[in-house]
Amino acid sequence: MSLSSPPPEQEEDQEPRRGGRVRKQVEKFEVPHVPGAPKGKKKQVEQNDDDSDLTEEDSGSEDEHQPTPTKGKKRKSTGVQTSARKNKANGSSRKPRRKSAANGDGAQEGPKNDSPLFNALLAPDIALQPLIDEWVETYQQAGGDDVSEQVSIHELITLFIRCCGINLDIEQAEATDQDGITGAVERIQDESVRVASATYPLTSRGKQSNAFRKNIDYFLHNLVESLSLTSILFDEGNDKDSHVNLLMPLVLNWLNCMTTSPLRPIRHTSTYMALKINSSLCDVASNVSKDVSLKQRQREAEIKKGGTSNAAQKRLKELEEKVKEAQARKEKIEEYLLEIFDAMFVHRVRDSDPAIRADCLRELGVWTKRYPEYYVSTSYLTYFTKGCNDVFAHARLETVRALANLYTKDSFINNARTVTLRLVPRLIEMALRDVDHAVRVTAIHVITAIDKTGILADEDESDREKVARLIFDQDPRVRKAVGGFVINLWEEQKENLKTEWSGARAAKKKRANKVWEDDMASNLDWKALASLLVETSQSLDAPIEPSSSSQQPILPASTTNVLTRASAAVESICSSYELWQDWQGLTNYLLLDHSTSDQDMWLLSEDEETFMLQVLIALIQREDQVDEEREDRSKKLMQIIPRLFAKHQSDVARIGGILSMLSHINLELYLDLRQTKAYETLWDDVNKQFLHHTDSAVLESAIRAINHLSTNTSMSAANDTKLSEMQESLFASLRDEIGSEDVALMPLEEESIAKLGAILLRILLLEKSRDITDILEDEENQSSVWSIICAFADRGSFGYKEESKMIECAVQIVLYHMTWTFRRFTEEDAKDDEKVSLLKDKRDKAVGIFQELTLGDNSNTVDLVRRQAFISYLTLHLLFAVPAKAESVSPAAKSVPLTVEDEIQHRLGGAFVAAVEKYAGEREAHLESGDGEAPEDITFLQLTSVLVAAIRKGVLEVEHAKEPLAHFGRLGSTYDAIVKKLVDALRDEGIYNKESETVQHVAGSALQQSFNLFLDSDSQDPVAPIALARLLSTAFTIHGNHFAILRQLHPSDVCDFHLEALDYIAKRVGNYVKQEVASKNKEQKSRLQQKRFVALSFFKVLILLLQPVTSSDALKIKSHLDDAIESIGVEVTVNKGWEPYKAYEKRLIGIASKDANVKSLAKKKVLQTEDTDLDVEADEDIEVETPSKKRSSANALSNGIGNGHRASSPLSPPPEDDQEEVEEEEEDITTPTKNNKRAREDFNDEEDDMMNSEVSPSAQINDSFSLDLPANENDEDLDLTLDGVVPPQRERSQSTEAEPAMKRRKTVKRY
């Protein structure tokens, strides 16, 4: 390969970038002309660098161990070498890459292709067996020929080296030199240490490497198997025709030496190959062992014949020789196994690389399974105990997988009882608490296999109880895995119960005389399952032991949970046993009278009967999912459900589940079977449960059953009749309970409150499912139900806590009634003035009720009622709101639109803040109590979602988004998911509606409030403010594909946002500094100093919101930042607490330096400072006369271009003489008005036109951010200053008087 340098014009332009992408042309910083420096120095330096590169490359072959400098060189590709491609543009060939001298011979890109065996392993579809046979035959024929043996062995060792991803070569003599293997391996690793890749064939994920692992396994296994069919594997070197170099000892010596390499590719690959060879040797050893046993039996059979003839003695002698030969082969194989284990395995199983440890543990399981007579011993199985305690999850997984395969054999369990007893505690701990779910599941399978042997039953029974509790685990994979274990316990329970039943006296079996023997056996099975599940469930509700506090979460015992414990148990057991097929047997068992369970052991107790009824419901649901044939099941349920109603109608815990069984009946069968009477009876039973029960769970189940019955269109007449009867009974019960008393003034006792609360709950559930507007408004010569319910809602202002549930239901009924009214109002109704007036009256009445309960001055509303009224108030406004850009508006909203006044909006914001503070306090109290994560309040989350919807739809102003945004990241993931929707409203308002000031105000207020909450807490890291900043950044900028910026806020508005944020944090930090100075207590000083550093983390938040900022705005922010730090009176130190500030400052300088004008001025400033011929003393005199220039010169380099003096900063007090003038000037400038905004936009339009024209750099800078430059054109006399970035106070006051409507950011160039 030629090392000559390519032509300059081709070196950069004609070399395509790696991956085929076009190389981006980067604008380089040109070295300025320095007086006194020779011309053409840059070209001379580049030529010297090229010459030095060539010199180093030429000398690389002399000393390969000396690394060469890589500065300025292109990074080399590590892929496979490819031929040069023709350039389609000009037909020129691709320039070849130069080979680094440091890489030597092994630095080739990609693996070498000099090994036919290695190339074959990379091929996905290739027949490897012919290659193996060819190599074995070649080596076998080379017996006694040292040169031929070296060639074959060298080919095999080269294969091992290439498999490690190493391209270095070894000599043929080195391959067979037993004493020089260690030195050869050291040389290989020393020469490869600088070029070894992090990926190698064993771990690479390329297309060629996908087949490598499978092929290397096949190659090594079949190679050992082919060698075992010859004498090569068992060669002792004693025969005349034997090989000079014994193959297997030589190969093992090479691999064992390579496994000790510090290079991961060599160590891992060689370990993997040694493990696979050992696995193949186990197969050979197993076959040889079987051969030894066979020959021994043949010898013993010949001895038993007792033949004394010469032929018999000859046969016996031949058999003796065969036995000795087979035993010698077995001993030879076991020698290899012992060598691999002692020289490699015991060290690599403790390797620092977890992948190597996992491979060792996996293969140990393979060895134990393939050759158990050798490896099933304590000395080898002990390593499984260590593997179970590995910190790497994959190593633990491979261990338990190996154990799962081993415990399927009875012989292994009998021979490894001691090790099993040692493993069981750790396996149980892994099943209960391991963080990796795959490890947990596999550990449970191992425990199940061990439990079948009876080992766990002989030990502590509490261990089995701990594993059985996993049937109620929240992870479905764990529940399904433990199903087999629970079935084992069930089988034991059945055997014990049947044994006890068979030994019971006849008096205890008296009641069971009428039960058939088969039915009794089935009943005992269900009794055993019930007792097992109930005992396990009750053990979960017992106090938690300290040692098991870290156990994985379990399902709660509440029956209102979607997934009950009975459903979890059915899911677990059915994964291993088709339990649902016998649900009818369980039904017959449950229909028996179990009241004498204390006398009859085969009957269920109260808790067991309740639990098994839930199991029956779960089994029916399971069968419904598995078997789509519903007719037979429906017929059976049509007979069972009425009997269950009659038996359990007064039991609240059971009747809800029975009502849910109706959904699994095909109701059309009632008409097909002509069972109309049974259908009406079913309606009566359901209505009875709905009208008499008061439990909310039962009522919800009953209304679902009613809705399901209503879907039976084939019997709609019966449905309408029964539904009307139920509604009449419901409203009659309400009127009967009230009587003739005034609802607003009537006294209510506790019993009356409970009855009225249940009645209102029934009405609410009924109104949620169907339109009952006509019935509610029907007066029938008396007050309507609608008026009664409104009166109950008005009682909420009294603040009676015992009535809160009742009032909450009344408020919801009013809302749902208005929703149905809104939905029924049509275009024809909108033309009727009377109907419009009636709708307006009802709406105003509902709004008045909700507003009084939410914001009433004289109201003493309970929090629960206040929240519901808040939700209803905003929901009603959402219904009747008319968005500005809505394409279609409902007739009701168009006829009587509804808006919220500004005062009411602010009061609603205050109500939301109060609700948030209360909810946050409840969460903090729950967390401090140590009860785990606080449960989410559904009512509060619903309140938040309604508020967010009102802001997004325009019912509330966008300004009120700051209250919910301020608590982002503090109140749970559900709250955050709801509040995220506000970003859409902010983005539309700021970017599309051009209301950037509003977005700036909302974002700043929310961020400051969030950071205040953080400072008031004990946390040290602003997690919530940072999360909020990331969220707000999406409102500042709209990204397209590949992070392209499509739209963003005006940069000047973002600049103002940062200026206000800096004023805020300066004030907070300044307060801490003042307190620290005033404090005399050392501990308090230290605490305040720590708090000051915590406050400085606010700059972490601001960094995330700098993207829209331009260079000129960055200079303003940097100037304001310097003034703020100066006004605080603290010094920036190397303390870690200042790192966020430094990062923010660095980001500002980076943004400012992107401007080309700033770059040119910075370059001139560098030249000015480096010119040693200038008169330093004269400059110092000038700087003394102009202090602002002195400061800008001192900070020119650190700030990118210099500090600007921002006179309007509240942290930089003006002189006393001009104090009043400055205050008036600031008031004029900082007052946001529409005229100011219009003036700024007009000015920016003019400025854009001016910037688009060709002007000098100094003129551009003067227009963009007012940099004043001296009139002298000589570069050496230039003095860079930022005095003009923000005009002095007097100049600013004059400019403000001249243009009173123009804002401070008027000079910022439009982005």
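What you see is a predicted model, and the numbers here were worked out from it, not measured in a lab.
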- CZ of Phe1057 to CG of Leu1062: how many Å apart, nearest 0.5 Å? 9.5 Å
Return all side-chain donor-acceptor pairs below 3.5 angstrom for residues 1030-1038, not counting sequence neighbours, or 'none' if the list is empty.
from	atom 1	to	atom 2	distance (Å)
Ser1033	OG	Arg1030	O	2.5
Thr1034	OG1	Leu1031	O	2.4

- salt bridge (charged side-chain N to carboxylate O under 4.0 Å, His left out) contacts touching residues 904-918 (sequence neighbours left out): Asp857-Arg907, Asp863-Lys918
- Given side chains that start at C-beta, do those of Leu982 and Val1002 come closer than 4.5 Å, heavy atoms only? no
- Message: Within this structure, what is the SG-CG distance for the pair Cys809 and Leu756, rounded to the nearest 0.5 Å?
- Response: 11.0 Å
- Could you state the interatomic distance from CZ (Arg823) to CG (Asp771), rounded to the nearest 0.5 Å? 8.5 Å
- Item | side chain to side chain contact (heavy atoms under 4.5 Å, CB included) partners for Lys1074, two or more places apart | none
- Item | side chain to side chain donor-acceptor pair (under 3.5 Å) involving Tyr1144 - partner list, sequence neighbours excluded | His1058
- Note on the structure: With sequence neighbours left out, the residues meeting salt bridge (charged side-chain N to carboxylate O under 4.0 Å, His left out) with Arg1068 are none
- Message: Please determine whether side chain to side chain contact (heavy atoms under 4.5 Å, CB included) holds for the pair Phe912 and Leu908, giving the CA-CA distance in whole Å, both sets of side-chain angles, and the decisive distance to 0.1 Å.
- Response: CA-CA 6 Å; Phe912 177 77; Leu908 288 172; over 6 Å; no
- Is the closest side-chain heavy-atom distance between Ile789 and Ile763 below 4.5 Å? yes
- Item | For the student: nearest non-hydrogen atoms of Gly796 and Leu853, plus distance | C-CD2, 3.6 Å
- Results of side chain to side chain contact (heavy atoms under 4.5 Å, CB included) for Ser1019 - residues two or more places apart only: Phe1014, Ser1017
- Item | Ser1127 side-chain N/O to Ala1124 backbone N/O, donor-acceptor pair under 3.5 Å | yes
- Message: According to side chain to side chain contact (heavy atoms under 4.5 Å, CB included), who are the partners of Glu767, at least two apart in sequence or on a separate chain?
- Response: Ile772, Leu776, Ile813, Tyr816, His817, Trp820
- Measure across Leu1015 and Lys1091 and return the closest heavy-atom pair with its distance rounded to 0.1 Å. O-NZ, 2.6 Å
- Pairs satisfying side chain to side chain donor-acceptor pair (under 3.5 Å), at least one member in residues 800-811, at least two apart: Arg795-Glu803
- Message: If the condition is salt bridge (charged side-chain N to carboxylate O under 4.0 Å, His left out), which residues does Glu1076 pass it with, not counting sequence neighbours?
- Response: Arg1092
- Task: Under the side chain to side chain contact (heavy atoms under 4.5 Å, CB included) rule, what do Thr939 and Leu943 come out as? Steps first, then yes or no, please.
- Result: CA-CA 6 Å; Thr939 305; Leu943 183 148; 5.7 Å; no
- Check: Val811 and Phe792 side chains under 4.5 Å, non-hydrogen atoms: no
Could you tabulate the donor-acceptor pairs under 3.5 Å formed by side-chain atoms of residues 866-882, not counting sequence neighbours?
from	atom 1	to	atom 2	distance (Å)
Arg866	NH1	Thr854	O	3.0
Arg866	NH2	Thr861	O	3.2
Arg867	NH1	Asp937	OD2	2.5
Ser872	OG	Gln868	O	2.9
Thr875	OG1	Ile871	O	2.6
His877	ND1	Tyr873	O	2.8

- Query: How far apart are the C-alpha atoms of Leu748 and Met806, what are their side-chain angles, what is the distance that settles it, and do they pass the side chain to side chain contact (heavy atoms under 4.5 Å, CB included) test?
  - Reply: CA-CA 11 Å; Leu748 295 177; Met806 180 183 69; 3.8 Å; yes
- Would you check if there is a donor-acceptor pair between the side chains of Glu936 and Thr974 at a distance under 3.5 Å? yes
- Go through the side-chain N and O atoms of Ser1079 and Gln1084 and say whether any donor and acceptor fall under 3.5 Å apart. yes
- Between Ser1097 (side chain) and Phe1093 (backbone), is there a donor-acceptor pair under 3.5 Å? no
- Item | Nearest atoms (heavy-atom pairs only) where Ile978 meets Val948 | O-CG1, 3.8 Å
- Task: Could you tell me whether Arg1047 atom CZ has more than 12 heavy atoms of other residues or ligands within 6.0 Å of it?
- Result: no
- What distance separates Tyr1141 OH from Leu1121 CG, expressed to the nearest 0.5 Å? 4.0 Å
- Task: Check Val836 against Ala830 and note the closest heavy-atom contact, atom names and distance.
- Result: CG2-O, 3.5 Å
Let me check something: any side-chain donor-acceptor pairs from residues 957-968 under 3.5 Å, sequence neighbours excluded? List them with distances.
from	atom 1	to	atom 2	distance (Å)
His960	NE2	Gln905	OE1	3.3
Lys962	NZ	Glu959	O	3.2
His967	ND1	Arg970	NH1	2.6

- Task: Please list all pairs passing the side chain to side chain donor-acceptor pair (under 3.5 Å) test where one or both residues lie in residues 840-849, with sequence neighbours left out.
- Result: Glu777-Lys842, Lys840-Asp844
- Item | salt bridge (Lys or Arg N to Asp or Glu O under 4.0 Å) assessment of Asp984 paired with Lys981 | CA-CA 6 Å; Asp984 299 334; Lys981 299 298 181 181; 5.5 Å; no
- Note on the structure: Closest non-hydrogen atoms of Pro1051 and Pro1108, given as atom of the first, atom of the second and distance, are CB-O, 3.3 Å
- Query: So Phe1011 and Tyr1064, side chain to side chain contact (heavy atoms under 4.5 Å, CB included) or not? Walk me through it.
  - Reply: CA-CA 10 Å; Phe1011 198 76; Tyr1064 157 77; 3.5 Å; yes
- Nearest 0.5 Å, what's the CD1-CG distance between Ile1128 and Asn1071? 10.0 Å
- Message: Give me the atom names and distance for the closest heavy-atom approach of Ile807 to Ala793.
- Response: CG2-O, 4.0 Å
- Supply the atom-to-atom distance Lys1116 NZ to Leu1059 CG, rounded to the nearest 0.5 angstrom. 8.0 Å
